[in-house]
Amino acid sequence: MQSGELEQAVRMFYRMNAVEESRIRPDAVSLCNILPAFAAGRASKQGKEVHGYAVRTGLVDDLFVGNAVVDMYAKCGLIDDARKVFERMEVKDVVSWNVMVTGLSQMGRFEDALGFFEKMRREDIELDVVTWSAVIAGYAQRGYGYEALDVFRQMVVSGCEPNVVTLVSLLSGCACDGALLHGKEIHGYVIKQILNLIKNDHGEEQMVINSLIDMYAKCKADNLARKIFDHVAPVNRNVVTWTVMIGGYAQCGEANHALELFSQMVKQNKPTKPNVFTISCALMACARLAALRLGKQIHGYVFRHRYGKSDELFVDNCLIDMYVKSGDVDAARVVFNNMSLTNVVSWTSLLTGYGMHGRGLEAIELFKGMRKAGMPIDGVTFVVVLYACSHSGLVDKGLEYFETMTQEFGVVPGVEHYACMVDLLGRAGRLEKAMEIINQMPMEPGPVVWVALLGSCRVHTNVELGEYASNKLLELGCENDGTYTLLSNIYANAKRWKDVARVRFLMKDTGIKKRPGCSWVQGKTGTATFYVGDKTHPLSEEIYNLLGDLMYQIKALGYVPDTNFALHDVDDEEKGDFLVEHSEKLALAYGILTTAPGVPIRITKNLRVCGDCHIAITYISKIIDHEVILRDSSRFHHFKNGYCSCKGFW
DNA sequence: TTAGGGTTAG
């Protein structure tokens with residue numbers, strides 16, 4: 001409810017009091033008009049007074065008034081008061097029960113809501129579409145898609161006809177865990193219902209179609225989602241239709257498609273104005289791709305189209321995240337500094353940024369500022385602070401924070417904090433101390449802890465501990481390409497080719513494929529993507545020629561190819577050739593060819609940067625007139641004048 | 001009178 005409406009309701013209320021004094025009694029109808037207004041405005045004080053009036057006058061015994069009072073208390077968060085009134089009602093109907101079921105569900109007491117639902121069934125109260133929809137929505141909001149689907153089935157069996165609300169709730173539940181994709185008969189049913197809605201010209205089918213698109217996109221069936229999207233005539237698409245499709249692509253890792261669609265949205269003949277949801281989805285896509293240029297354009301769009309005060313905070317937080325992940329943490333800081341209002345997300349996003357870019361000291365300063373500003377410091381804050389220490393090699397500072405987080409802040413370390421400590425010590429090469437921390441853990445070390453240890457074993461070539469960590473991961477059922485690849489790399493590093501072959505065989509046997517390494521550069525005309533040994537780019541010949549030149553030049557400066565990273569069981573000369581073809585080197589050469597002197601080259605890699613590429617790019621940065629900003633799956637590396645910002649902590 | 005769709009930090 002708008003605040004104006006609430007004021008109006010309050011005025012009505014005082015007029016009603018005056019009326020009471022003049023002995024003209026407001027009737028049930030007036031109470032049923034006023035109570036929902038107080039419910040919507042969460043105005044429990046006024047609501048209570050009206051309740052008092054209803055008791056004094058006996059109007060509370062009216063079924064509709066009773067229901068409105070219960071609903072008012074429930075909506076104001078006073079669910080126990082709601083329940084007391086409900087219990088005292090002599091005559092109840094299905095609405096009285098429905099109000100309690102939804103009230104409890106929305107107060108986070110879903111178990112109790114289900115208790116009421118069961119009681120309704122036991123007492124043979126005829127359930128209506130609102131009861132069923134409320135329970136389906138309750139499951140859906142908690143991410144229990146299968147349960148929502150199950151209740152939906154029971155509803156259909158009982159003969160109760162679903163409506164738009166039911167379908168929208170069901171689909172939002174199915175979007176959480178892909179349940180609908182496994183229930184084809186329900187799919188058919190939903191489609192039939194939508195067709196019915198369209199045929200009967202309800203005008204509400206758009207909402208169901210939007211939910212359907214969202215559900216498919218969230219179930220990673222983005223092709224299917226797009227099919228439906230394309231099927232909807234452009235005039236019938238509203239801002240949500242666009243947003244769910246853009247957000248769906250962003251979450252499916254199809255950020256390019258998301259951004260194409262965003263451009264299409266704002267360039268239509270009669271454009272649909274993106275709202276904050278759309279903006280945040282588009283910025284999320286930019287952040288994933290590190291698409292700084294497009295992110296800046298969206299920033300410009302936001303600036304020109306001034307969003308409301310309450311939306312500003314949300315959009316600014318998304319902008320900070322976009323700038324941080326696109327490699328421009330200083331731009332993120334400017335956004336932060338210009339915010340009239342910040343919240344914990346704003347601070348944490350920027351803190352993460354300083355961590356990712358290896359600017360640990362600034363992260364620590366920001367953390368101090370966060371305390372001064374009175375922001376809540378919780379477990380998440382410490383994950384970020386420890387991460388920042390870890391990526392800047394601030395081992396002692398990290399150990400200090402780990403000690404004080406409980407003593408000073410009352411935050412008990414969870415598995416994720418131990419994982420940060422293992423990472424912190426591991427990156428710094430203190431593997432024994434990392435193992436000591438693991439042995440001291442009061443809980444079972446989860447996969448995150450072993451992954452952190454395994455990663456460090458890879459960097460610091462510790463075969464024994466690496467084998468131990470990967471065995472632990474396999475015991476925990478983490479049979480993914482990352483575990484096997486890291487282990488295989490550790491063996492290859494130690495020249496244990498038989499073991500490499502064994503791991504590769506295991507991968508083949510279990511059908512696990514290594515994700516191919518892939519790097520991309522944002523050029524003026526779009527994104528150029530490269531895989532290992534890629535020769536598909538139109539500039540391929542120039543790229544390889546330039547790389548050949550660069551290799552020749554840096555070898556003269558002292559660069560020796562680190563063949564440990566080639567990981568093929570061939571002789572060293574051949575390995576050198578494989579190394580030249582790594583995706584990050586190809587991306588860099590393309591960047592040099594297409595970027596004006598003095599302008600930074602921004603590269604993104606889906607996996608961690610290869611050690612040899614890291615050394616090579618450090619050398620190359622001595623002889624080119626560009627800063628190279630490389631984001632890998634772990635952090636940012638800023639290469640300039642023969643130096644990398646990561647200082648070896650990667 | 002009661003139920004409903006799309007966003008941010010680790």
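Per chain, numbering begins at 1; letters A, B, ... match sequence-line order.
For A:C318, counting side-chain heavy atoms from C-beta on, the closest listed nucleotide (B:dT8, B:dA3, B:dG10) is B:dT8. For A:N275, the listed nucleotide lying nearest its side chain is B:dG6; candidates were B:dT2, B:dA9, B:dG6. Here the side chain of A:N98 is nearest to one of B:dT2, B:dG4, B:dA3, namely B:dT2. The side chain of A:T352 has B:dG10 as its nearest neighbour among B:dG4, B:dG10, B:dT7. Listed nucleotides B:dT8, B:dG4, B:dG6 differ in distance to A:M284; the shortest reach to its side chain belongs to B:dT8. For A:V130, the listed nucleotide lying nearest its side chain is B:dA3; candidates were B:dT8, B:dT1, B:dA3. Of the candidates B:dA3, B:dG6, B:dA9, B:dA3 carries the atom nearest the A:A134 side chain, counting heavy atoms from C-beta on. Nearest to the side-chain atoms of A:N67 among the listed nucleotides B:dT1, B:dT2, B:dT8 stands B:dT1. Here B:dG6 is the nucleotide among B:dA3, B:dG6, B:dG10 with the atom lying nearest to any side-chain atom of A:S172. With B:dG4, B:dT8, B:dT2 as the choices, the nucleotide that has an atom nearest any side-chain atom of A:K75 turns out to be B:dT2.
Nucleic acid contact class of A:V384 (heavy atoms, under 4.0 Å, all strands): sugar-phosphate only. Within 4.0 Å (heavy atoms only), A:V99 reaches sugar-phosphate atoms of the nucleic acid but no base atom. Counting any heavy atom pair closer than 4.0 Å across all strands shown, A:A68 reaches no nucleic acid atom. Heavy atoms of A:S349 sit under 4.0 angstrom from primed sugar atoms or phosphate atoms, though from no base atom. As judged by a 4.0 angstrom heavy-atom cut-off over every strand, A:V276 is placed among the base-contacting residues. Among the atoms of the strands shown, none is found under 4.0 Å from any heavy atom of A:V324. Within the nucleic acid shown, A:V168 comes within 4.0 Å of sugar-phosphate atoms alone, with no base atom in reach, counting heavy atoms only.
What separates CG of A:D214 from P of B:dT7 is a distance of 6 Å, to the nearest Å. For the pair A:D93 CG and B:dT2 P, the interatomic distance rounds to 12 Å; values are reported in whole Å. In this structure, A:L212 atom CG and B:dG6 atom P are separated by 14 Å, rounded to whole Å. Rounded to a whole Å, the CG atom of A:L351 is 19 Å from the P atom of B:dT8. B:dT8 atom C1' lies 9 Å from atom NZ of A:K325, rounded to whole Å. In this structure, A:W347 places its CH2 atom 17 Å from C1' of B:dT8, rounding to the nearest Å. Between the C1' atom of B:dT7 and the CZ atom of A:F277 lies a distance of 6 Å, rounded to the nearest Å. Computed from coordinates, the A:I228 CD1 to B:dG6 P distance equals 16 Å when rounded to whole Å.
Listed pair A:Q141 / B:dG4 meets the phosphate criterion, a side-chain N or O lying under 4.0 Å from OP1 or OP2. Note on A:Q251: a side-chain N or O is less than 4.0 Å away from OP1 or OP2 of B:dT7. Contact annotation: A:K218 reaches the phosphate of B:dT7 (side-chain N/O to OP1 or OP2, under 4.0 Å). Taking only side-chain nitrogens and oxygens, A:Q206 never comes nearer than 4.0 Å to OP1 or OP2 of B:dG4.
The nearest pair of heavy atoms linking A:Q206 to A:R237 is NE2-C, 3.7 Å.
The base of B:dA9 lies outside donor-acceptor range of the side chain of A:N343, with no N or O pair under 3.5 Å.
Relative ring orientation between A:F402 and A:Y418 is described as perpendicular, the plane-to-plane angle rising above 60° on a 0-90° scale split at 30° and 60°. Taking the six-membered ring for Trp and thresholds of 30 and 60 degrees, A:Y301 and A:Y307 have ring planes inclined between 30 and 60 degrees apart.
Using a 4.5 Å cut-off on side-chain heavy atoms (C-beta onward), A:L63 and A:S96 make contact.
Within the structure, every pair that satisfies the salt bridge (charged side-chain N to carboxylate O under 4.0 Å, His left out) test and touches residues 330-346 of chain A, not counting sequence neighbours, is listed here: A:D330-A:R359.
The only option from A:T348, A:N317, A:D316 that meets the side chain to side chain donor-acceptor pair (under 3.5 Å) definition with A:N343 turns out to be A:N317.
Using a 4.0 Å cut-off between a side-chain N of Lys or Arg and a carboxylate O of Asp or Glu, A:K84 and A:E87 do not qualify as a salt bridge.
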